[in-house]
Amino acid sequence: MISMLRVLVVDDSAVVRQGVLMLLERVPGMAVEVASDPLIAREKMKRQRPDVILLDLEMPRMDGLTFLRELMREDEPIPVVVCSGLAGPGSELAVRALEEGALEIIAKPSLGVGEFLRESRTRLVEALRNAARARTRLARRGPPVRLEPEPLEQRPAPSLLAVTTDKVVAVGASTGGTEALRQLLEPMPPDCPGIVIVQHMPELFTSAFARRLNELCRIEVKEAAQGDRVLQGRALIAPGNRHLRVRRTGGHYQVELLDGGRVSGHKPSVDVLFQSVARAAGENAVGALLTGMGDDGADGLLAMRQAGATTIAQDEASCVVFGMPRAAIERGAVDEILPLGAICAAVLRRARQTRAPR
(Lines give C-alpha, C1' and ligand atoms only; values in the text may rest on other atoms or scores of the structure.)
Protein backbone atom coordinates (compact mmCIF):
# COMPACT_ATOMS: atom_id res chain seq x y z
CA MET A 1 0.00 0.00 0.00
CA ILE A 2 1.49 3.38 -1.05
CA SER A 3 1.32 5.88 1.83
CA MET A 4 2.56 8.89 -0.18
CA LEU A 5 1.99 8.69 -3.93
CA ARG A 6 4.92 10.30 -5.77
CA VAL A 7 3.87 11.61 -9.20
CA LEU A 8 6.24 12.89 -11.89
CA VAL A 9 4.57 15.09 -14.55
CA VAL A 10 6.55 15.20 -17.82
CA ASP A 11 5.11 17.80 -20.21
CA ASP A 12 6.67 20.56 -22.28
CA SER A 13 3.70 22.88 -21.67
CA ALA A 14 4.33 25.15 -18.68
CA VAL A 15 0.57 25.77 -18.45
CA VAL A 16 -0.17 22.06 -18.15
CA ARG A 17 2.67 21.47 -15.67
CA GLN A 18 1.54 24.31 -13.45
CA GLY A 19 -2.13 23.35 -13.70
CA VAL A 20 -1.50 19.70 -12.81
CA LEU A 21 0.87 20.70 -10.02
CA MET A 22 -1.68 23.03 -8.42
CA LEU A 23 -4.44 20.46 -8.76
CA LEU A 24 -2.57 17.43 -7.41
CA GLU A 25 -0.79 19.21 -4.58
CA ARG A 26 -4.20 19.71 -2.97
CA VAL A 27 -4.83 15.96 -2.95
CA PRO A 28 -3.93 14.37 0.42
CA GLY A 29 -1.19 11.77 0.18
CA MET A 30 0.14 12.96 -3.19
CA ALA A 31 3.56 14.54 -3.84
CA VAL A 32 4.23 16.01 -7.29
CA GLU A 33 7.39 16.79 -9.27
CA VAL A 34 7.41 18.27 -12.79
CA ALA A 35 9.80 18.08 -15.73
CA SER A 36 9.63 19.84 -19.09
CA ASP A 37 11.08 16.91 -21.05
CA PRO A 38 12.28 13.31 -20.58
CA LEU A 39 15.95 14.29 -20.18
CA ILE A 40 15.15 16.45 -17.16
CA ALA A 41 12.80 13.71 -15.94
CA ARG A 42 15.69 11.21 -16.02
CA GLU A 43 17.76 13.39 -13.70
CA LYS A 44 14.89 13.81 -11.25
CA MET A 45 14.22 10.07 -11.29
CA LYS A 46 17.84 9.41 -10.28
CA ARG A 47 17.29 11.48 -7.12
CA GLN A 48 13.89 9.99 -6.28
CA ARG A 49 11.98 7.28 -8.12
CA PRO A 50 8.32 8.23 -8.70
CA ASP A 51 5.43 5.79 -8.16
CA VAL A 52 3.70 6.89 -11.38
CA ILE A 53 4.46 9.16 -14.35
CA LEU A 54 1.99 11.43 -16.16
CA LEU A 55 3.52 11.66 -19.62
CA ASP A 56 2.98 13.93 -22.61
CA LEU A 57 3.84 12.31 -25.93
CA GLU A 58 4.84 15.24 -28.13
CA MET A 59 7.89 16.96 -26.65
CA PRO A 60 11.23 18.39 -27.86
CA ARG A 61 14.63 16.69 -27.40
CA MET A 62 13.00 13.28 -26.76
CA ASP A 63 9.41 12.35 -27.62
CA GLY A 64 7.23 10.68 -25.02
CA LEU A 65 6.90 7.38 -26.90
CA THR A 66 10.68 6.92 -27.00
CA PHE A 67 10.88 7.71 -23.28
CA LEU A 68 8.05 5.24 -22.57
CA ARG A 69 9.88 2.46 -24.42
CA GLU A 70 12.97 3.24 -22.36
CA LEU A 71 10.98 3.00 -19.14
CA MET A 72 9.35 -0.29 -20.14
CA ARG A 73 12.74 -1.94 -20.68
CA GLU A 74 13.37 -1.80 -16.94
CA ASP A 75 12.89 -4.94 -14.83
CA GLU A 76 10.32 -3.09 -12.71
CA PRO A 77 8.85 -0.41 -14.98
CA ILE A 78 7.32 2.71 -13.47
CA PRO A 79 3.58 2.83 -14.29
CA VAL A 80 2.74 5.47 -16.90
CA VAL A 81 -0.45 7.43 -17.59
CA VAL A 82 -0.45 9.19 -20.97
CA CYS A 83 -1.76 12.73 -21.37
CA SER A 84 -2.51 13.11 -25.07
CA GLY A 85 -4.21 15.37 -27.59
CA LEU A 86 -7.77 14.42 -28.44
CA ALA A 87 -7.85 14.06 -32.20
CA GLY A 88 -5.89 13.03 -35.28
CA PRO A 89 -2.28 11.97 -34.73
CA GLY A 90 -2.61 12.47 -30.97
CA SER A 91 -5.14 9.70 -30.52
CA GLU A 92 -3.25 7.31 -32.82
CA LEU A 93 -0.04 7.97 -30.89
CA ALA A 94 -1.79 7.38 -27.58
CA VAL A 95 -3.01 3.97 -28.74
CA ARG A 96 0.56 3.07 -29.70
CA ALA A 97 1.63 4.16 -26.20
CA LEU A 98 -0.90 1.73 -24.70
CA GLU A 99 0.63 -1.04 -26.79
CA GLU A 100 4.06 -0.09 -25.47
CA GLY A 101 2.94 -0.41 -21.86
CA ALA A 102 1.13 2.77 -20.77
CA LEU A 103 -1.85 1.94 -18.57
CA GLU A 104 -4.31 4.81 -19.00
CA ILE A 105 -5.08 7.76 -21.28
CA ILE A 106 -6.08 11.22 -20.09
CA ALA A 107 -7.31 13.47 -22.91
CA LYS A 108 -5.56 16.84 -23.17
CA PRO A 109 -7.64 19.68 -24.67
CA SER A 110 -6.12 22.32 -26.94
CA LEU A 111 -7.84 25.16 -25.06
CA GLY A 112 -9.03 25.81 -21.54
CA VAL A 113 -6.44 23.66 -19.76
CA GLY A 114 -7.15 25.12 -16.33
CA GLU A 115 -10.90 24.57 -16.59
CA PHE A 116 -10.36 21.06 -17.97
CA LEU A 117 -8.09 20.08 -15.11
CA ARG A 118 -10.55 21.36 -12.50
CA GLU A 119 -13.42 19.44 -14.10
CA SER A 120 -11.30 16.30 -14.59
CA ARG A 121 -9.63 16.24 -11.18
CA THR A 122 -11.44 13.09 -10.03
CA ARG A 123 -10.67 11.22 -13.27
CA LEU A 124 -7.00 12.27 -13.21
CA VAL A 125 -6.45 11.31 -9.58
CA GLU A 126 -8.25 7.99 -10.11
CA ALA A 127 -6.12 7.18 -13.17
CA LEU A 128 -2.85 7.94 -11.36
CA ARG A 129 -3.81 5.90 -8.30
CA ASN A 130 -5.01 2.97 -10.40
CA ALA A 131 -1.81 2.98 -12.44
CA ALA A 132 0.36 3.09 -9.33
CA ARG A 133 -1.35 -0.08 -8.05
CA ALA A 134 -1.12 -1.91 -11.37
CA ARG A 135 1.24 -4.72 -12.31
CA THR A 136 3.09 -2.90 -15.07
CA ARG A 137 5.15 -5.78 -16.40
CA LEU A 138 1.98 -7.64 -17.39
CA ALA A 139 0.84 -4.65 -19.44
CA ARG A 140 3.86 -4.60 -21.73
CA ARG A 141 3.19 -5.81 -25.22
CA GLY A 142 4.71 -9.14 -26.15
CA PRO A 143 4.85 -10.81 -29.56
CA PRO A 144 1.50 -11.83 -31.03
CA VAL A 145 0.33 -15.24 -29.84
CA ARG A 146 -1.73 -17.40 -32.20
CA LEU A 147 -3.76 -19.68 -29.99
CA GLU A 148 -5.46 -21.13 -33.05
CA PRO A 149 -8.61 -22.22 -31.19
CA GLU A 150 -10.85 -24.68 -32.94
CA PRO A 151 -13.06 -22.53 -35.21
CA LEU A 152 -16.82 -22.81 -35.28
CA GLU A 153 -16.65 -23.58 -38.99
CA GLN A 154 -14.04 -22.96 -41.66
CA ARG A 155 -15.63 -20.48 -44.02
CA PRO A 156 -14.75 -16.95 -45.17
CA ALA A 157 -15.73 -13.92 -43.15
CA PRO A 158 -19.32 -12.82 -43.82
CA SER A 159 -20.22 -9.66 -45.64
CA LEU A 160 -21.91 -6.83 -43.77
CA LEU A 161 -25.27 -8.10 -45.03
CA ALA A 162 -24.79 -11.58 -43.61
CA VAL A 163 -27.29 -12.97 -41.11
CA THR A 164 -26.00 -12.89 -37.54
CA THR A 165 -25.33 -15.88 -35.40
CA ASP A 166 -27.72 -16.18 -32.47
CA LYS A 167 -24.75 -16.11 -30.10
CA VAL A 168 -23.39 -12.89 -28.58
CA VAL A 169 -20.08 -12.45 -26.77
CA ALA A 170 -19.95 -9.45 -24.39
CA VAL A 171 -16.60 -8.28 -23.01
CA GLY A 172 -15.70 -5.61 -20.43
CA ALA A 173 -12.27 -4.25 -19.51
CA SER A 174 -10.52 -1.25 -17.98
CA THR A 175 -6.94 -0.71 -16.76
CA GLY A 176 -4.66 -2.99 -18.79
CA GLY A 177 -7.58 -3.93 -21.01
CA THR A 178 -6.19 -2.68 -24.31
CA GLU A 179 -3.48 -5.35 -24.31
CA ALA A 180 -5.87 -7.96 -22.88
CA LEU A 181 -8.34 -7.29 -25.70
CA ARG A 182 -5.62 -7.66 -28.29
CA GLN A 183 -4.71 -11.07 -26.88
CA LEU A 184 -8.38 -12.07 -26.81
CA LEU A 185 -9.27 -10.89 -30.33
CA GLU A 186 -6.14 -11.67 -32.36
CA PRO A 187 -6.71 -15.46 -32.39
CA MET A 188 -10.45 -15.21 -33.13
CA PRO A 189 -11.37 -17.02 -36.37
CA PRO A 190 -13.30 -15.14 -39.08
CA ASP A 191 -16.53 -16.98 -38.23
CA CYS A 192 -16.46 -16.34 -34.47
CA PRO A 193 -19.68 -15.16 -32.79
CA GLY A 194 -20.43 -11.44 -32.84
CA ILE A 195 -18.59 -9.57 -30.08
CA VAL A 196 -19.53 -6.37 -28.24
CA ILE A 197 -16.96 -4.63 -26.04
CA VAL A 198 -16.75 -1.89 -23.44
CA GLN A 199 -13.21 -0.69 -22.73
CA HIS A 200 -12.97 2.31 -20.40
CA MET A 201 -11.32 4.93 -22.60
CA PRO A 202 -11.89 8.65 -23.31
CA GLU A 203 -13.97 9.89 -26.22
CA LEU A 204 -12.30 9.78 -29.66
CA PHE A 205 -9.54 7.41 -28.55
CA THR A 206 -11.80 4.39 -28.99
CA SER A 207 -11.96 4.89 -32.77
CA ALA A 208 -8.16 4.85 -33.02
CA PHE A 209 -8.05 1.80 -30.76
CA ALA A 210 -10.60 -0.03 -32.91
CA ARG A 211 -8.69 0.80 -36.11
CA ARG A 212 -5.48 -0.54 -34.60
CA LEU A 213 -7.12 -3.82 -33.54
CA ASN A 214 -8.68 -4.11 -36.98
CA GLU A 215 -5.17 -4.04 -38.47
CA LEU A 216 -3.98 -6.81 -36.14
CA CYS A 217 -6.94 -9.21 -36.12
CA ARG A 218 -8.47 -11.65 -38.59
CA ILE A 219 -11.94 -10.40 -37.70
CA GLU A 220 -13.42 -6.96 -38.36
CA VAL A 221 -13.04 -4.58 -35.40
CA LYS A 222 -14.77 -1.19 -35.44
CA GLU A 223 -16.05 1.51 -33.14
CA ALA A 224 -19.77 0.88 -32.76
CA ALA A 225 -22.24 3.19 -34.53
CA GLN A 226 -25.95 3.52 -33.83
CA GLY A 227 -27.82 0.53 -35.29
CA ASP A 228 -24.76 -1.58 -36.12
CA ARG A 229 -25.63 -5.26 -36.33
CA VAL A 230 -23.81 -7.85 -34.23
CA LEU A 231 -22.37 -10.13 -36.91
CA GLN A 232 -20.19 -13.19 -37.05
CA GLY A 233 -16.57 -12.19 -37.47
CA ARG A 234 -17.13 -8.67 -36.13
CA ALA A 235 -16.26 -6.96 -32.85
CA LEU A 236 -17.93 -3.65 -31.94
CA ILE A 237 -16.26 -1.35 -29.39
CA ALA A 238 -18.34 1.18 -27.46
CA PRO A 239 -17.36 4.78 -28.24
CA GLY A 240 -15.90 6.79 -25.39
CA ASN A 241 -18.55 8.79 -23.50
CA ARG A 242 -21.46 6.73 -24.89
CA HIS A 243 -23.16 3.75 -23.29
CA LEU A 244 -23.63 0.74 -25.56
CA ARG A 245 -26.66 -1.51 -25.30
CA VAL A 246 -27.60 -4.63 -27.30
CA ARG A 247 -31.17 -5.32 -28.30
CA ARG A 248 -32.82 -8.02 -30.38
CA THR A 249 -34.69 -6.97 -33.50
CA GLY A 250 -36.46 -9.81 -35.24
CA GLY A 251 -33.89 -12.47 -36.04
CA HIS A 252 -30.78 -10.45 -35.29
CA TYR A 253 -29.04 -8.32 -32.67
CA GLN A 254 -28.05 -4.71 -33.05
CA VAL A 255 -26.52 -2.03 -30.85
CA GLU A 256 -27.80 1.32 -29.70
CA LEU A 257 -25.72 4.14 -28.25
CA LEU A 258 -27.00 6.13 -25.29
CA ASP A 259 -26.15 9.37 -23.51
CA GLY A 260 -26.91 9.88 -19.84
CA GLY A 261 -24.87 9.84 -16.68
CA ARG A 262 -22.13 7.53 -15.55
CA VAL A 263 -23.14 4.05 -14.41
CA SER A 264 -20.91 2.26 -11.89
CA GLY A 265 -18.64 5.28 -12.23
CA HIS A 266 -18.11 4.98 -15.98
CA LYS A 267 -19.41 5.98 -19.40
CA PRO A 268 -19.41 3.69 -21.28
CA SER A 269 -20.28 1.23 -18.54
CA VAL A 270 -19.73 -2.52 -18.67
CA ASP A 271 -22.79 -2.99 -16.46
CA VAL A 272 -25.02 -1.28 -19.05
CA LEU A 273 -23.70 -3.57 -21.79
CA PHE A 274 -23.92 -6.79 -19.76
CA GLN A 275 -27.42 -6.11 -18.45
CA SER A 276 -28.69 -5.43 -21.96
CA VAL A 277 -27.12 -8.66 -23.24
CA ALA A 278 -28.75 -10.58 -20.38
CA ARG A 279 -32.15 -9.27 -21.52
CA ALA A 280 -31.60 -9.59 -25.26
CA ALA A 281 -29.66 -12.86 -25.55
CA GLY A 282 -30.05 -14.74 -22.26
CA GLU A 283 -28.60 -18.26 -22.57
CA ASN A 284 -27.29 -17.46 -26.06
CA ALA A 285 -24.59 -15.20 -24.64
CA VAL A 286 -21.09 -15.51 -23.23
CA GLY A 287 -19.76 -12.78 -20.93
CA ALA A 288 -16.08 -12.12 -20.15
CA LEU A 289 -14.83 -9.62 -17.58
CA LEU A 290 -11.16 -8.72 -17.95
CA THR A 291 -8.58 -6.70 -16.04
CA GLY A 292 -9.60 -3.39 -14.49
CA MET A 293 -9.96 -1.32 -11.33
CA GLY A 294 -13.27 -1.06 -9.48
CA ASP A 295 -16.43 -3.14 -9.85
CA ASP A 296 -18.01 -2.04 -13.14
CA GLY A 297 -19.44 -5.13 -14.84
CA ALA A 298 -19.84 -7.28 -11.72
CA ASP A 299 -23.60 -6.74 -11.36
CA GLY A 300 -24.12 -7.03 -15.11
CA LEU A 301 -22.19 -10.29 -15.29
CA LEU A 302 -24.35 -11.65 -12.48
CA ALA A 303 -27.46 -10.68 -14.47
CA MET A 304 -26.05 -12.54 -17.48
CA ARG A 305 -25.36 -15.66 -15.42
CA GLN A 306 -28.85 -15.59 -13.91
CA ALA A 307 -30.27 -15.36 -17.45
CA GLY A 308 -28.43 -18.55 -18.43
CA ALA A 309 -25.33 -17.11 -20.09
CA THR A 310 -21.86 -18.54 -19.56
CA THR A 311 -19.67 -16.12 -17.62
CA ILE A 312 -15.88 -15.91 -17.48
CA ALA A 313 -13.49 -13.80 -15.39
CA GLN A 314 -9.79 -13.26 -16.02
CA ASP A 315 -7.66 -14.72 -13.24
CA GLU A 316 -5.59 -12.64 -10.83
CA ALA A 317 -2.19 -13.82 -12.07
CA SER A 318 -2.77 -12.53 -15.63
CA CYS A 319 -4.59 -9.30 -14.66
CA VAL A 320 -2.84 -5.94 -14.58
CA VAL A 321 -5.49 -4.99 -12.00
CA PHE A 322 -7.73 -7.67 -10.50
CA GLY A 323 -10.48 -5.33 -9.25
CA MET A 324 -13.35 -5.91 -11.72
CA PRO A 325 -12.94 -9.69 -12.03
CA ARG A 326 -12.56 -10.00 -8.25
CA ALA A 327 -15.81 -8.07 -7.66
CA ALA A 328 -17.67 -10.37 -10.07
CA ILE A 329 -16.26 -13.50 -8.43
CA GLU A 330 -17.27 -12.24 -4.98
CA ARG A 331 -20.84 -11.66 -6.21
CA GLY A 332 -21.11 -15.24 -7.48
CA ALA A 333 -21.33 -14.02 -11.07
CA VAL A 334 -18.63 -16.24 -12.60
CA ASP A 335 -18.71 -19.77 -14.04
CA GLU A 336 -15.03 -19.98 -14.97
CA ILE A 337 -11.88 -18.14 -13.80
CA LEU A 338 -9.23 -18.40 -16.51
CA PRO A 339 -5.84 -16.97 -17.46
CA LEU A 340 -6.04 -14.45 -20.28
CA GLY A 341 -4.44 -16.82 -22.80
CA ALA A 342 -7.20 -19.41 -22.30
CA ILE A 343 -10.22 -17.10 -22.61
CA CYS A 344 -10.45 -17.00 -26.42
CA ALA A 345 -10.68 -20.79 -26.71
CA ALA A 346 -13.14 -20.94 -23.80
CA VAL A 347 -15.39 -18.31 -25.40
CA LEU A 348 -15.50 -20.26 -28.67
CA ARG A 349 -16.14 -23.54 -26.88
CA ARG A 350 -18.92 -22.09 -24.73
CA ALA A 351 -20.52 -20.37 -27.70
CA ARG A 352 -21.35 -23.81 -29.13
CA GLN A 353 -23.23 -24.83 -26.01
CA THR A 354 -26.79 -24.04 -24.93
CA ARG A 355 -27.70 -23.67 -21.29
CA ALA A 356 -30.97 -23.68 -19.40
CA PRO A 357 -31.77 -20.37 -17.65
CA ARG A 358 -31.15 -20.35 -13.90
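Atoms CZ and CD, on Arg229 and Gln254 in that order, are 8.0 Å from each other to the nearest 0.5 Å. Note that CD of Glu316 is 6.5 Å distant from CZ of Arg135, once rounded to the nearest 0.5 Å.
Proximity of a side-chain donor or acceptor of Glu92 to a complementary backbone N or O of Arg96 within less than 3.5 Å is not detected. Using a distance-only test at 3.5 Å, with no hydrogens or angles considered, a donor-acceptor pair links the side chain of Arg218 to the main chain of Pro187. A donor-acceptor contact shorter than 3.5 Å links the side chain of Lys44 to the backbone of Val34. Listed for the Asp315 side chain is a donor-acceptor partner under 3.5 Å among the backbone atoms of Ser318. Judged by distance alone, with hydrogens and angles left aside, the side-chain atoms of Gln199 form no donor-acceptor pair with the main-chain N or O of Ile237 at under 3.5 Å. For the pair Thr206 (side chain) and Gly240 (backbone), a donor-acceptor distance under 3.5 Å is present. Counting only distance, with no hydrogens or angles, the side chain of Arg17 and the backbone of Asp11 share a donor-acceptor pair below 3.5 Å. Of the possible polar contacts, one joining the Arg6 side chain to the Arg49 backbone as a donor-acceptor pair under 3.5 Å is found. No donor-acceptor pair under 3.5 Å is formed between the side chain of Thr249 and the backbone N or O of His252. A donor-acceptor pair under 3.5 Å links the side-chain atoms of Thr291 to the main chain of Thr175, judged by distance alone.
Side-chain contact of Asp335 with Thr310: a donor-acceptor pair under 3.5 Å is absent, judged by distance alone. The closest side-chain donor-acceptor pair between Ser36 and Asp12, if any, does not fall under 3.5 angstrom.
Here Val272 sits in one hydrophobic cluster together with Val263; the rule is ILVMFWY side chains under 4.5 Å apart, joined directly or through other members.
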Trace of the side-chain contact (heavy atoms from CB on, under 4.5 Å) decision for Leu103 with Val52: CA-CA 10 Å; Leu103 293 170; Val52 61; over 6 Å; no
Working for salt bridge (Lys or Arg N to Asp or Glu O under 4.0 Å), residues Glu336 and Arg349: CA-CA 12 Å; Glu336 291 188 85; Arg349 182 178 68 252; 3.6 Å; yes
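Partner of Asp296 under the side-chain hydrogen bond (donor to acceptor under 3.5 Å, both in side chains) criterion, chosen from His266, His200, Arg262: His200.
Transitive grouping of hydrophobic side chains (ILVMFWY, heavy atoms separated by less than 4.5 Å) keeps Met304 and Leu302 in distinct clusters. Under the 4.5 Å side-chain heavy-atom criterion for Ile, Leu, Val, Met, Phe, Trp and Tyr, Ile106 and Leu5 are members of the same hydrophobic cluster. Ile329 and Phe274 end up in the same hydrophobic cluster when Ile, Leu, Val, Met, Phe, Trp and Tyr side chains are linked at under 4.5 Å. Cluster annotation: Val168 and Leu257 are assigned to the same hydrophobic cluster (Ile/Leu/Val/Met/Phe/Trp/Tyr, side-chain heavy-atom contacts under 4.5 Å, transitive). Both Met45 and Leu39 are part of a single hydrophobic cluster, where members link through side-chain heavy atoms under 4.5 Å apart.
Taking all atoms of both residues into account, the shortest heavy-atom contact from Ala309 to Gly282 is CB-O, 3.4 Å. Contact detail for Val82 and Ala94: the closest heavy-atom pair is CG1-CB, 4.4 Å.
In this structure, the salt bridge (charged side-chain N to carboxylate O under 4.0 Å, His left out) partners of Arg247, at least two apart in sequence or on a different chain, are Glu256. With sequence neighbours excluded, no residue satisfies salt bridge (charged side-chain N to carboxylate O under 4.0 Å, His left out) with Glu223.
The shortest distance between side-chain heavy atoms of Leu348 and Pro193 falls below 4.5 Å.
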